[in-house]
J.: 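The structure that follows is given in the form of structure tokens.
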Amino acid sequence: MGNFEVAKIFRDIAKILEIKEDNPFRIRAYERAAQNIEGLSEDLEEYVRKDTFPKIPGIGKDLENKIKEIINTGRLKFYEDLKKTLPQGLLDIGNIPSVGPKTTKLLYEKLKIKSLTDLEKAIAKNKLQGIFGIKEKTIENIQKGIALLKRGKERMTLAQAMAVAEEFQDALKKLSEVKKMAFAGSLRRQKETVRDVDILVISDKPSKVMSAFIRIPSVKDILAEGATKSSVRTKSDVQVDCRVVESKSFGAALLYFTGSKNFNIKLRQLAIRKGLKINEYGVFRKNTFVAGRTEEEIFKKLGMVYIEPEMREDTGEIELALKNELPKLIATKDLKGDLHVHSSWSDGNNSIEEMAQAAKEFGYSYIAITDHSQSLRVASGLKVADLKKKKQEIEKLNKRLKNFRVLYGTEVDIDSDGKIDYKDSVLKEFDIVVAAIHTGFKQTKAQLTRRLVAACKNKYVQILAHPTGRLWGVRDPYDIDFEELLKVARDTNTHLEINAFPDRLDLNDLHARRARESGVKLVISTDAHETSQLSVVQFGLAVARRAWLRKEDVINTLSCEALLKEVRK
DNA sequence: GCCGTTTTCGGCCCGACTGTTTTCAGTCG
């Protein structure tokens, strides 16, 4: 039983209690607990096993006991009993957009609708018409909601969301009424997946902005259209929300619209204790506006320092901000080089020189060319005989380049027994050795862990690339004993990679945070296969910032000399 | 069910938009 299973049980409990019209604050307590559990970097199982249950926001004595019961027995009696009181299909009905707990209950009580199938049949037979509070428009919305639910639109990657957001940005920027705009929501918090795109606009003429927004060519449906707030769905099925406020409310609206929800609630509670009220228009004392133009002035009013959007998840950052003890997050300018890129020597699309030039223009002072090793034939892995020529090419290039160094590297394969694809006598020639698993993903947890541990223990392996093997939409992360890996990585001074490729993002934010906590240093690399891909480093940086990493936690913030010293330790 | 620089009881964030019963509950973020 992992954190996500526990969170799901709590979420289900919240949903059932909602339909049963239980105490709304109790319901929120379960939802909040579920959300906070999903954001934890350590396994609950670990806590229970070691009997060191820490203070987790939103989890008191009762929920702590429920978590222990779930971990220890694999089930929760309270949940099992609760489930028996309602038909299971009601939860599916509650998942339909526009259908909430009240409607679910109404349909169940008046029409005995117990499942999605029941609901579809009832609509087909026109049974919903005439039920208290339901008319044509509501039925139409339910039908649309069911269709949407069935298409099963998952969350998209941050990169996909960014592409949609930029399209809207381009269109809105052309309007003279738009004074300023910003992305908000989970897009601004840089979550690795995003459900919808939130855009904030500053304007004195909200109606002009709204009417232009809903007419942007890629809009398919208009979900809501108001004076200051509208929602649309694009042809690619992405929901985009747009909110317009005036300049004096920009900070307040940005804060509100960025979230997270739990973060906002905590902040507003804090404000109440100080005799203040926060909404999207500003901070108010009685009904007097006291702050709102910028986020900074609002945080200051609340007696805390600025909290970066990536940290706003209510996992302890508010408490640290009140004490001015927040870590200084790593930023783009801190990165000095990329330690995982490919060239045309293996499966890349550009020559070493082209990659180096592009990296230099990108502002880096070094780059490691880490082509695949001999066994990986599908990616034209390099045979030992070719390596000498590649090394010579790099040496010649380095003589010509000024203020820049190309490092001679490899992404060496870890075979199914944990053996490294080049002999030690070959490995010792490289400046940078990145090791990774590319085959045999379906092995057991013990086998996969053993392979990674063996790689760490090789004295020439400096970095483990994409350590959990996750590939968005293709492959789930493989199951490894991450705590064991961290222990060995720390003891052997092996660095773990945050692979910035948008469909990898591996390590993810939770793993990276856990790595930092256990004293393992990280690397942010792109795995670029052509010059244009060096810029995906922004997504790796997003992971790092969400993991609360500082400059000193990431080794490719070091100068080239310091870096080589660090990896050879 | 959680939580405490008004505390161990009595509070619990705040507002926009929709559809409908035309004043407001339900849903959403």
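Just so we're clear, the structure is a prediction, and the values are computed from it rather than from any experiment.
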J.: Specify the residue among G133(A) and R28(A) whose closest nucleotide of DNA chain B lies further upstream toward the 5′ end.
T.: R28(A)
J.: Of the options dT27(B), dG1(B), dG15(B), whose atoms approach the side-chain atoms of R26(A) most closely?
T.: dG1(B)
J.: Thinking salt bridges, do R11(A) and E38(A) make one under a 4.0 Å N-O criterion?
T.: yes
J.: Rounded to whole angstrom units, what separation is found between the NZ atom of K61(A) and the P atom of dT8(B)?
T.: 21 Å
J.: May I ask you to check if R243(A) and F213(A) form a cation-pi contact, with NZ or CZ under 6.0 angstrom from the six-membered ring centre and within 45° of the axis?
T.: no
J.: Closest approach to the side chain of R268(A), judged atom by atom: which nucleotide of dT27(B), dC12(B), dC14(B) is it?
T.: dC14(B)
J.: Over all strands shown, is K274(A) touching base, sugar-phosphate only, or nothing at heavy-atom distances under 4.0 angstrom?
T.: nothing
J.: For dT20(B) versus dA16(B), give the span between their P atoms, rounded off to a whole number of Å.
T.: 22 Å
J.: Would one find a side-chain N or O of N264(A) under 4.0 angstrom from OP1 or OP2 of dC13(B)?
T.: no
J.: Heavy atoms from C-beta onward define the side chain here; which of dC2(B), dC14(B), dT18(B) lies closest to that of K277(A)?
T.: dC14(B)
J.: Closer than 4.0 angstrom, basic N to acidic O: yes or no for D170(A) and K174(A)?
T.: no
J.: State plainly whether the residues R75(A) and E69(A) are in salt-bridge range, i.e. N to O under 4.0 Å.
T.: no
J.: Could you work out the separation of dT8(B) and dC13(B) based on their C1' atoms and round it to a whole Å?
T.: 23 Å
J.: Please state the P separation for the pair dG11(B) and dC17(B) - nearest whole angstrom.
T.: 32 Å
